[in-house]
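Since we're looking at a predicted model, the values are computed, not measured. Numbering starts at 1 and runs along the sequence shown.
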Amino acid sequence: MSTALLPSDQAAVCPLLTPAQSVAHGIVSQAVLTAPGLRLTLFRFAAGQELSEHTTPARALVQVLAGACEFTFPDRKQRLATGDLLHMPPNLPHSVRALEDLTILITQATPPKA
């Protein structure tokens, strides 16, 4: 049984901008859709929260739905705000810090194994 907000086998709608549970002091994630080679996850960060440096084997698109954050890469820092879209190739080390209350949608695409 999937706990994703959307089923992977039928058309459905999921409101992304509705008020969510309070994230006063942490980070909350919710699977939106999981399917072979594809995962969408909604993250909500309280201001000041951080994810330490990590990588993913998937290609990632980060959409800022509300708030602002700073992504740190090996060669630079990038500030993102509401409406911005960030592309990250697979295996790129990065960390993220919420500059204010933050809601992001992350789409991860993994190529099929040969």
Side-chain angles (χ1 to χ4, degrees):
M1 178 179 193
S2 173
T3 59
L5 298 174
L6 293 174
S8 63
D9 60 350
Q10 59 187 329
V13 174
C14 169
L16 296 175
L17 298 179
T18 58
Q21 64 189 17
S22 176
V23 185
H25 303 290
I27 301 170
V28 173
S29 67
Q30 172 67 56
V32 175
L33 175 70
T34 56
L38 181 66
R39 180 173 176 84
L40 277 79
T41 308
L42 190 63
F43 281 89
R44 290 186 171 89
F45 291 68
Q49 291 297 306
E50 300 182 40
L51 282 178
S52 60
E53 185 175 87
H54 60 283
T55 63
T56 177
R59 181 170 306 280
L61 294 171
V62 179
Q63 295 172 272
V64 181
L65 302 178
C69 63
E70 182 177 76
F71 270 74
T72 301
F73 303 104
D75 64 341
R76 67 185 168 105
K77 291 186 179 191
Q78 179 68 55
R79 185 181 190 281
L80 302 174
T82 302
D84 286 341
L85 175 67
L86 169 68
H87 166 254
M88 290 187 295
N91 303 310
L92 178 65
H94 62 281
S95 62
V96 62
R97 180 172 58 94
L99 301 174
E100 55 191 60
D101 288 348
L102 176 69
T103 302
I104 58 176
L105 179 66
I106 299 179
T107 302
Q108 294 175 297
T110 305
K113 295 180 180 178

Residues Glu70 and Arg79 bridged, charged N to O under 4.0 Å: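 Looking at Arg79 together with Glu70, the answer is no, because their closest N to O distance does not fall below 4.0 Å.
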Can you find a heavy atom in the side chain of [X] that is under 4.5 Å from one in the side chain of [Y]?
X	Y	answer
Ile104	Gln63	no
Asn91	Thr56	no
Pro57	Pro90	no
Arg59	Met88	no
Leu51	Ser95	no
Phe45	Val96	yes
Phe71	Arg97	no

What's the shortest heavy-atom distance between [X] and [Y], and which atoms?
X	Y	result
Pro93	Pro74	O-CD, 3.3 Å
Ala98	Ala46	CB-O, 3.6 Å
Glu50	Ile27	O-CD1, 3.7 Å

N/O donor-acceptor pair under 3.5 Å between [X] side chain and [Y] backbone:
X	Y	result
Gln108	Leu61	no
Asp84	Val64	no
Thr82	Gly67	yes
His54	Ser52	yes

Just how far is it from atom [atom1] of [X] to atom [atom2] of [Y], taken to the nearest 0.5 Å?
X	Y	atom1	atom2	result
Ile106	Ser29	CD1	OG	9.0 Å
Leu5	Leu16	CG	CG	8.0 Å
Arg44	Leu102	CZ	CG	10.5 Å

Co-membership, hydrophobic cluster, residues [X] and [Y], 4.5 Å side-chain:
X	Y	result
Leu85	Leu92	no
Leu6	Leu38	yes
Val13	Val32	no
Leu99	Leu105	no

Working for side-chain contact (heavy atoms from CB on, under 4.5 Å), residues Ser8 and Leu33: CA-CA 6 Å; Ser8 63; Leu33 175 70; 4.0 Å; yes
Thr110: partners by side-chain contact (heavy atoms from CB on, under 4.5 Å), with sequence neighbours left out: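 Listed in chain order: Ala58.
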